[in-house]
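Reading through the structure tokens given below for one structure.
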2 protein chains.
Amino acid sequence: MSKCEQCIVRQFSSLKALNKDELLRMAECKTSYTIKKGEPIFEEGEVTNGIYCIKDGVCKLSKLSDNGKDQIVKLVKPGELLGQRSMISDEPANLSAVALEDMEVCFIPRSEVMQFFTQNNQFSMNVMRTICDDLKGADDHMVNMAQKTVRQRLGETLIYLEETFGKNEDGTLHIQLSREELAGMIGTATESCIRLLSELNKSGYIELTGKKITLLDKNKLKRLT
Amino acid sequence: MSKCEQCIVRQFSSLKALNKDELLRMAECKTSYTIKKGEPIFEEGEVTNGIYCIKDGVCKLSKLSDNGKDQIVKLVKPGELLGQRSMISDEPANLSAVALEDMEVCFIPRSEVMQFFTQNNQFSMNVMRTICDDLKGADDHMVNMAQKTVRQRLGETLIYLEETFGKNEDGTLHIQLSREELAGMIGTATESCIRLLSELNKSGYIELTGKKITLLDKNKLKRLT
DNA sequence: AAAATTGTATGACAAATATCATATTTTGAT
DNA sequence: ATCAAAATATGATATTTGTCATACAATTTT
């Protein structure tokens, strides 16, 4: 059982507000998991009974729509927490969390988190602010879905992926999404996504090398019409 | 200056957790406003410095998109609070709030609310749960925008309007939205919205009498393809 | 290594939706 | 009541996007 005190990613989450005593208690009750790429952490409708702290790897939060397609709502990075909303609302998960890479996560039971919540005001303010950020993000995302074309959304998503997850030494996007997953972020059919990527490739806005994507002209990608 | 203690709508909001003492303090520092239909309560980007409690009337929360169209994110009813997210994140408003009917609202300064926040745990839990509900709603809304057709969104929106705001004695929707506003909820062009309404009218799913709308077959409206 | 499965790509076409033009109706102001 | 402005309606057309079919490539299994 590793010590939460020494865990670096904690510093990036709401958990940074916890004191030594609280960290020791957390280290005792937490469970660590290794999740392989493609495996779920939890599924929509599941009762989670706690939160997950992401130590390593990226996962997608998605929701199955009536038309059978999986819409990706958010990507989550190391240092972020999962399942906060469900825990506070005391409801089953509204979204599924599936690993996009091999991951390491820690599960902290609901009872423990709720204790921190009432004891440590700074911690609960941190959680609250995170949820507020998520709400703003979701509202903005919604407006984009409603008002922008698939083309524009693709351009903006590619830039988001580069800015959030960085590039490899060869300049290609570091995060690896299948075409289907990219389509699921944008909210379009997989074929449309592939077709538009191929078009942006021909226009010289991006470069496709196998499954790798390189952004060549970010200014133009921002202003696609 | 009216007494918050006797205000009925308070019971429907997070403010129901306040005790007598807190209510008296709130009554002293609050400001009441009358807002006419079409007027803003606050605009996107504005620093609000407090929250609004809606006593009477409905308003829209919307955001101006890059394409110049106003996307309606949410409709807000009496008893609900406005500006909670901005207050907690300590940011300017992300959305504009504009009255759809004549309204009565009370403004409570940030300093006062923050005091309740630290003193009254039940109150802060209520606020937190409200924001969590909004987040879930926004995620679901986003998935609908991304995955459903304009037709389906129109059908679902009409049902939402009837279920949330009720009907008049003649069976028409009680809430009055212009075609442009309805289009702004659905995320489509005003002409497309008008055309689809007219089509649903001809198919007998709804009835249009001037600007009044009556839902005739809710089951079919739910399952539009 | 061959076969099977899965992911990517592209063409052909259909359907949905946006845009522009122009009536028509309703509302508000004088 | 009349006029101007705004909202609603509808047609014509262009564009975007989805769907289905099929091909090709890459990966996994046998």
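Chain letters run A, B, ... following the sequence lines, proteins first, then strands; residues in each count from 1.
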Atom CD1 of I194(A) and atom P of dC20(D) are separated, to the nearest Å, by 16 Å
Between K74(A) and D139(B), is there a side-chain N and carboxylate O pair less than 4.0 Å apart? no
Rounded to whole Å, the CD-P distance (Q152(A) to dT17(C)) equals 17 Å
For K63(A) and N94(A), which I'm curious about, is there any donor-acceptor pair between the side chains at under 3.5 Å? yes
Against the side chain of K211(B), the closest entry in dG11(D), dA7(D), dA9(C) is dA7(D)
R195(B) has its side chain closest, among dA21(D), dA18(C), dG11(D), to dG11(D)
Whole-Å distance, Q176(A) CD to dT27(D) P, equals 10 Å
Closest of dT8(C), dT8(D), dT19(D) to the E191(A) side chain is dT19(D)
* **R85(A) side chain to K136(B) backbone, donor-acceptor under 3.5 Å** => no
- Going by the angle between their ring planes, with limits at 30° and 60°, are Y33(B) and Y52(B) parallel, tilted or perpendicular? tilted
Validation row: L200(B), L154(B) side chains within 4.5 angstrom (heavy atoms): yes
Item checked: Distance below 4.0 Å between K148(B) side-chain N/O and dT17(C) OP1 or OP2 -> no
In whole angstroms, the gap separating P of dT17(D) from CG of L224(A) amounts to 11 Å
E199(B) atom CD is separated from dT8(D) atom P, nearest whole Å, by 19 Å
Rounded to whole Å, the NZ-P distance (K212(B) to dT27(C)) equals 11 Å
With a non-hydrogen cut-off below 4.0 angstrom, is T188(B) in contact with a base, only sugar-phosphate, or nothing?
sugar-phosphate
| query | S198(A) near the nucleic acid: base, sugar-phosphate alone, or nothing, with a heavy-atom cut-off under 4.0 Å? | reply | sugar-phosphate
Rounded to whole Å, the CG-P distance (L154(B) to dA16(C)) equals 14 Å
Taking dT17(C), dT17(D), dT19(C) as options, the one with an atom nearest any side-chain atom of V150(B) is dT17(C)
Regarding S178(A), tell me which of base, sugar-phosphate or nothing describes its non-hydrogen contacts under 4.0 Å with the strands shown. sugar-phosphate
Taken to the nearest whole Å, CG/L208(B) to C1'/dA7(D) is 14 Å
inquiry  = For dT16(D) and R151(A) - does any side-chain N or O of the residue sit under 4.0 Å from the phosphate oxygens OP1/OP2?
reply    = no
Over all strands shown, is T190(A) touching base, sugar-phosphate only, or nothing at heavy-atom distances under 4.0 angstrom?
nothing
Testing dT17(C), dG18(D), dT19(C) for proximity to the side chain of A189(A), the answer is dG18(D)
